[in-house]
Each structure stands twice: as C-alpha cells, then as structure tokens.
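The sequence lines fix the lettering, A, B, ..., with proteins before strands; numbering per chain opens at 1. We use all heavy atoms of the structure for the numbers below, so side chains are in, but hydrogens, waters and symmetry mates are not.
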Number of protein chains: 6
Amino acid sequence: MKGGNFSGEGMKFVKECYPDLFNVIKDLDDEVNSGYVLDSKTLKLVSIAISASKCDARIIRKQIKSGIDNYGLTQDEIMDVLKVVLLSSGMPSFVQSAKILSEFYNGD
Amino acid sequence: MKGGNFSGEGMKFVKECYPDLFNVIKDLDDEVNSGYVLDSKTLKLVSIAISASKCDARIIRKQIKSGIDNYGLTQDEIMDVLKVVLLSSGMPSFVQSAKILSEFYNGD
Amino acid sequence: MKGGNFSGEGMKFVKECYPDLFNVIKDLDDEVNSGYVLDSKTLKLVSIAISASKCDARIIRKQIKSGIDNYGLTQDEIMDVLKVVLLSSGMPSFVQSAKILSEFYNGD
Amino acid sequence: MKGGNFSGEGMKFVKECYPDLFNVIKDLDDEVNSGYVLDSKTLKLVSIAISASKCDARIIRKQIKSGIDNYGLTQDEIMDVLKVVLLSSGMPSFVQSAKILSEFYNGD
Amino acid sequence: MKGGNFSGEGMKFVKECYPDLFNVIKDLDDEVNSGYVLDSKTLKLVSIAISASKCDARIIRKQIKSGIDNYGLTQDEIMDVLKVVLLSSGMPSFVQSAKILSEFYNGD
Amino acid sequence: MKGGNFSGEGMKFVKECYPDLFNVIKDLDDEVNSGYVLDSKTLKLVSIAISASKCDARIIRKQIKSGIDNYGLTQDEIMDVLKVVLLSSGMPSFVQSAKILSEFYNGD
C-alpha cells in the first residue's frame with residue numbers, strides 16, 4: 001500500500017534515529033499490504049474505514065489523501081465506506097470524515 | 001448487507017417494542033448497504049474490519065459469521081482484512097480476531 | 001449515586017487491600033454524584049449512556065441494573081438514552097445495549 | 001434536538017451530493033430526538049457526555065455550543081455531566097472538556 | 001517480553017496458516033521487547049496499563065497472568081499501574097482490572 | 001507526579017469555580033502518584049503510554065513535555081514505551097506519538 005503511514009515526520013524520525021525498528025515496521029507494512037487475495041485498493045478502503053471509525057481528523061485526512069493520490073479512489077467509493085462507518089461508529093465519526101472528504105472534492 | 005446487526009435478540013426487542021425506531025434503523029441500514037459503487041461483499045469486509053479494530057468478541061464473531069454465511073467470504077479474504085487491523089489497531093485486536101476466525105475454519 | 005461501581009468484587013478487593021485508595025475514590029464518587037443542579041436519576045442516565053457507548057457488556061449490565069434497582073428507571077427512559085447512543089456511537093453499541101435492556105424487562 | 005450534527009460542512013456536503021442518505025439520517029435524528037419520555041434538554045446532556053468521554057475536542061465544542069445556544073444549558077448543568085465523565089472516562093477527557101466549557105463561560 | 005500475545009489460539013492459527021505473517025510479527029515483537037534502555041519488566045507494566053485502559057477483560061487477564069508468571073510482578077506493582085489507569089481512563093476500566101487482579105492474588 | 005493534568009486552563013477553571021471538586025481530584029491525583037512500590041518516573045512512563053494509545057495529540061504532547069521537564073525522561077526511554085504502544089495500539093497511535101516526540105528532541 002503506497003503512501004499513508006510512511007510519508008510523514010513521525011516515520012522520518014524513526015528511520016533516522018531507530019533504523020532497526022524502522023525496518024521491522026517496514027517489513028510488517030509490506031506483508032500487510034501484499035494481500036493474499038484482496039487487491040490493494042480494497043485494503044486501502046479498509047484502512048480509511050478504520051481511521052474514520054476512530055475519529056482522528058489528521059489520520060483520516062492522510063488516509064483519504066493517500067487513497068486518492070495512490071489508488072485513484074473516487075468520492076463515491078469513499079462515501080460507500082463512510083456509510084458503513086456511520087452505521088458502525090455513529091454520526092460524529094461519519095460527519096467528521098464526510099467533512100474531510102468534501103475538502104478533497106469540493107462536492108463535485 | 002444481509003444478516004449481521006438485525007439477526008439477534010437486541011433488534012427483535014426493538015422491533016417489538018419500538019417499531020418506529022426499528023423502521024428508521026432499517027431504512028438507514030438499507031441505504032448504507034446499497035453501495036453507490038462498491039459491492040456488498042466489499043462493504044461486509046469493511047464492517048468486519050471496523051468490528052475487529054474495536055475488539056469486542058461477540059460482535060466480531062457475528063460479523064465474521066455473517067460474512068461467511070451470506071457472502072461466502074474465504075479465510076484468506078478475512079485474514080487480508082485482519083492484517084490491516086493489525087497495522088492500524090495493534091496486536092490485541094488482531095490476535096482476538098484471528099482466534100475467532102480460526103474457530104470458523106479450524107485452520108483448513 | 002447508589003449502587004454501580006462500588007458493588008462488585010473489584011472494589012471489595014480495593015477496600016480490603018488499599019483502604020487509602022478506596023477512600024479517595026469514595027470521596028470522588030460522592031462529589032460526582034452530588035450533582036450541583038441535576039438530580040441523581042439524570043446523572044445515572046448519563047452513566048448508562050457512557051457505558052453503552054463503550055460497548056462493554058458487563059459494565060452496561062451493571063449500570064442498567066443499578067439504574068432500575070436504585071432509581072426506578074423505566075424501559076422507555078433507558079431506551080431514550082440508548083437512542084442517543086445509536087446516533088453517536090453506532091449500531092453495535094446500540095444493539096448490544098438494547099439486548100441487555102431486553103433481558104431486564106422481557107419486553108413488557 | 002436542534003443544532004449539533006446537522007449544522008456543519010460535513011452534512012451540507014452530504015445533503016448536496018447524497019440526498020437519499022441525508023434523508024434517512026434526518027429521519028433517524030428526528031426519531032432519536034423525539035424522546036419517548038425524556039425531554040430534549042436531558043437528551044442533549046447525554047449527547048454532551050458521550051462526546052466528552054470520547055475526547056474529540058472539535059465535537060465536544062460543537063455539542064456544548066449547541067447545548068447552550070438551543071437549550072440554555074447552564075455551566076453548572078454541563079459541569080454535573082462532566083463530573084460523570086471524569087468518573088467513567090478519566091482525567092484527560094474531563095480536563096479537555098472542562099477547558100472547552102470554560103471558553104464558553106469565561107468562568108462566570 | 002515473554003508470554004502474552006504469542007501463547008494463545010490466535011497466534012497458533014497464524015503460525016500454521018500464515019507463516020510469513022507470523023515471522024514479521026515475531027520480528028516486531030522481538031524488537032519492541034528489546035527495550036533500548038528500559039528493562040522488560042517495566043515494558044510489561046506498560047503493556048498491562050494499555051490493556052487495562054482498553055477495558056477488554058480477556059486481554060487484561062492474559063497480560064496480568066504473563067506479568068506474574070514471567071516477571072514475578074507483585075500485586076502492589078500492578079496496583080500502582082492500575083491507579084494510573086484509574087486517573088487516565090476512569091472507574092470502569094479500573095474496577096474491572098482490580099477485579100481481575102484480585103483473582104490472581106485472592107487479596108493476600 | 002508533578003505537572004501534567006493540573007497545569008492547563010481546564011483545571012484552573014475547575015479550581016476557581018468548583019473548589020470542592022478540585023480538592024477531591026487533587027487527593028486522587030496525590031494518591032495515584034504516590035506509588036506503593038514503583039517510582040514516579042515509571043508511573044509517568046505508564047501515563048505517556050496510555051495517552052499515546054488513545055491517539056489525542058494535545059494530551060500526548062502535554063504528557064511527554066511533563067515527562068521531560070519533571071522527570072528528565074530521555075528520548076530512548078520514551079521511544080521504548082512508544083514501541084509497546086505500536087504493538088498494542090497500532091501504527092497511527094505510534095506514528096503520531098513518534099512525531100510529537102521528535103518535536104521535543106529534533107532527532108538528537
């Protein structure tokens with residue numbers, strides 16, 4: 001799964017100061033993202049859903065951005081996932097994620 | 001999305017005692033599960049992921065069962081999703097869900 | 001707020017082995033439950049809501065039981081609160097709590 | 001329950017782009033907020049409690065603002081609810097919500 | 001960190017059916033548990049604290065058991081950690097963990 | 001445990017407007033932080049771990065700052081704790097906390 005967790009300041013810091021730790025995280029990330037049967041676009045949708053259900057704006061934004069940039073996810077695909085978030089995690093998680101989604105597409 | 005939330009005692013109670021509430025929940029569930037673009041099998045995988053990341057055994061079991069019974073999800077498809085849970089929600093969520101998954105397939 | 005947190009094995013153990021800790025917790029509980037303006041029945045409804053939104057069956061059962069036994073909460077009052085849980089925390093939390101509620105009232 | 005979830009950018013986006021989804025959410029919100037027995041001020045206090053226990057600053061602020069603007073909630077009523085949050089969800093949730101509350105009333 | 005995550009059915013299943021995944025998890029676990037500066041007993045106390053603050057009984061029990069069996073943690077050491085859980089995550093998490101702790105020591 | 005929860009606007013507000021509540025919180029905080037057997041530096045590490053596993057940036061920053069200012073915690077000690085967070089709560093919690101940690105030490 002391209003982009004996402006590895007692009008920010010946090011992992012840059014880990015890479016520089018804790019290279020061994022960085023390497024085992026990298027290996028895990030590679031293993032996770034080489035789906036046995038599912039394609040990586042589906043895995044990305046799953047990642048977005050989990051982030052959205054946890055309600056942390058910064059991480060949701062990063063995951064949605066990575067989904068659009070690296071996998072060409074459309075607004076409707078992401079909204080399909082956010083609807084499941086609505087049902088399983090409630091309105092605040094949904095509303096926050098919908099707002100973030102709208103920033104990327106400006107509603108078009 | 002067939003099965004899942006509506007099959008247990010909780011919703012039977014809501015249906016009997018609070019029919020209006022039952023109906024609006026039903027409408028929401030229908031809307032959520034008629035994905036705009038994603039198929040309902042993908043939506044089910046997303047549901048499983050969110051449940052697993054929240055670590056509640058009873059709900060994870062129900063979601064996995066519904067995924068197998070109603071959508072024919074395979075062990076590998078579900079494990080692909082659980083790997084994303086491992087990365088985004090940590091070992092305890094993953095280990096618990098892997099254990100529940102193993103109960104359904106007995107490792108075959 | 002009568003009942004609830006103090007009735008189980010956990011606090012009995014704390015009281016026996018860690019009396020100083022027990023006392024400061026008791027003081028805090030007393031302070032919390034002497035609402036400045038709200039009555040203790042309303043505070044109990046708030047407690048039930050927070051428990052339900054966290055999805056832990058054992059604690060929800062304890063809180064609902066204490067609400068019924070000590071404050072005479074009715075099924076409809078508790079369901080009113082669970083509806084807010086549905087909206088703010090999603091279906092799994094709601095369905096689980098509705099199931100527990102139904103056990104107390106057997107739907108009558 | 002007036003205000004709250006429907007006032008922000010997120011729901012405006014949903015209304016414009018996904019009107020069917022908007023309508024079922026609206027129906028659910030109406031159902032939830034027409035308490036069977038509890039008044040809508042009590043339901044609002046419950047909403048604030050759940051938000052506060054989840055620790056998301058943006059949502060807590062929105063809920064408290066809506067409680068003050070639409071229901072005339074007083075500082076003491078909200079603090080009564082936050083005390084229950086302290087007991088059931090710990091200091092960080094409480095301290096954060098107390099800080100947000102203080103911004104509305106400036107301590108008077 | 002000996003014991004804990006790897007001892008149950010979940011990881012046995014992963015090892016058998018998904019050996020590559022098992023290996024990267026194992027590497028990560030090894031890396032995490034070879035503290036740069038902290039000893040593994042302290043790391044275990046941290047693990048117990050995180051489990052307890054998440055309120056899942058099964059996992060808390062497993063972590064406390066592993067802390068006692070593999071590191072000789074005493075009741076008082078674990079209670080010191082649970083007191084921090086009380087402050088940062090509230091009564092339900094604390095009471096549940098205290099109850100589990102009491103099962104191991106029978107209050108002596 | 002010096003610093004942390006009591007230093008911000010939230011508790012200042014509580015102290016001014018709700019002195020009785022402030023006092024019982026203070027007593028609880030004192031009790032929690034006088035570890036029976038563990039030193040207060042270890043307790044601080046536990047506090048940081050719980051904050052980090054909950055993913056709220058503002059609180060993590062406050063806890064790490066207090067750990068450095070009041071207990072002289074080193075980057076490596078905190079990273080040891082964050083590695084346990086990675087294992088038990090997943091990448092987003094870890095990455096966010098690592099980023100905050102890097103702001104304090106600038107990677108040296």
Visitor: Flag the pair E:M91 / C:L28 as yes when at least one side-chain heavy-atom distance between them is below 4.5 Å, and no otherwise.
Guide: no
Visitor: Which atoms form the tightest heavy-atom contact between E:A98 and C:G10, and what is the distance?
Guide: CB-O, 4.0 Å
Visitor: Relative to chain C, which segment of E:I100 carries a heavy atom at a distance below 4.5 Å: side chain, backbone, both, or neither?
Guide: neither
Visitor: Quick check for you: among C:K12, C:R58, C:E9, which has the greatest number of heavy-atom pairs under 4.5 Å with chain E?
Guide: C:R58
Visitor: So do E:Q75 and C:C17 actually touch side chain to side chain, heavy atoms under 4.5 Å?
Guide: yes
Visitor: For residues C:F13 and E:E103, determine if any side-chain heavy atom of one lies less than 4.5 Å from a side-chain heavy atom of the other.
Guide: no
Visitor: Less than 4.5 Å apart, any side-chain heavy atom of E:V95 and any of C:K62?
Guide: yes
Visitor: Report yes if the side chains of E:L82 and C:Y18 come closer than 4.5 Å at any heavy-atom pair, otherwise no.
Guide: no
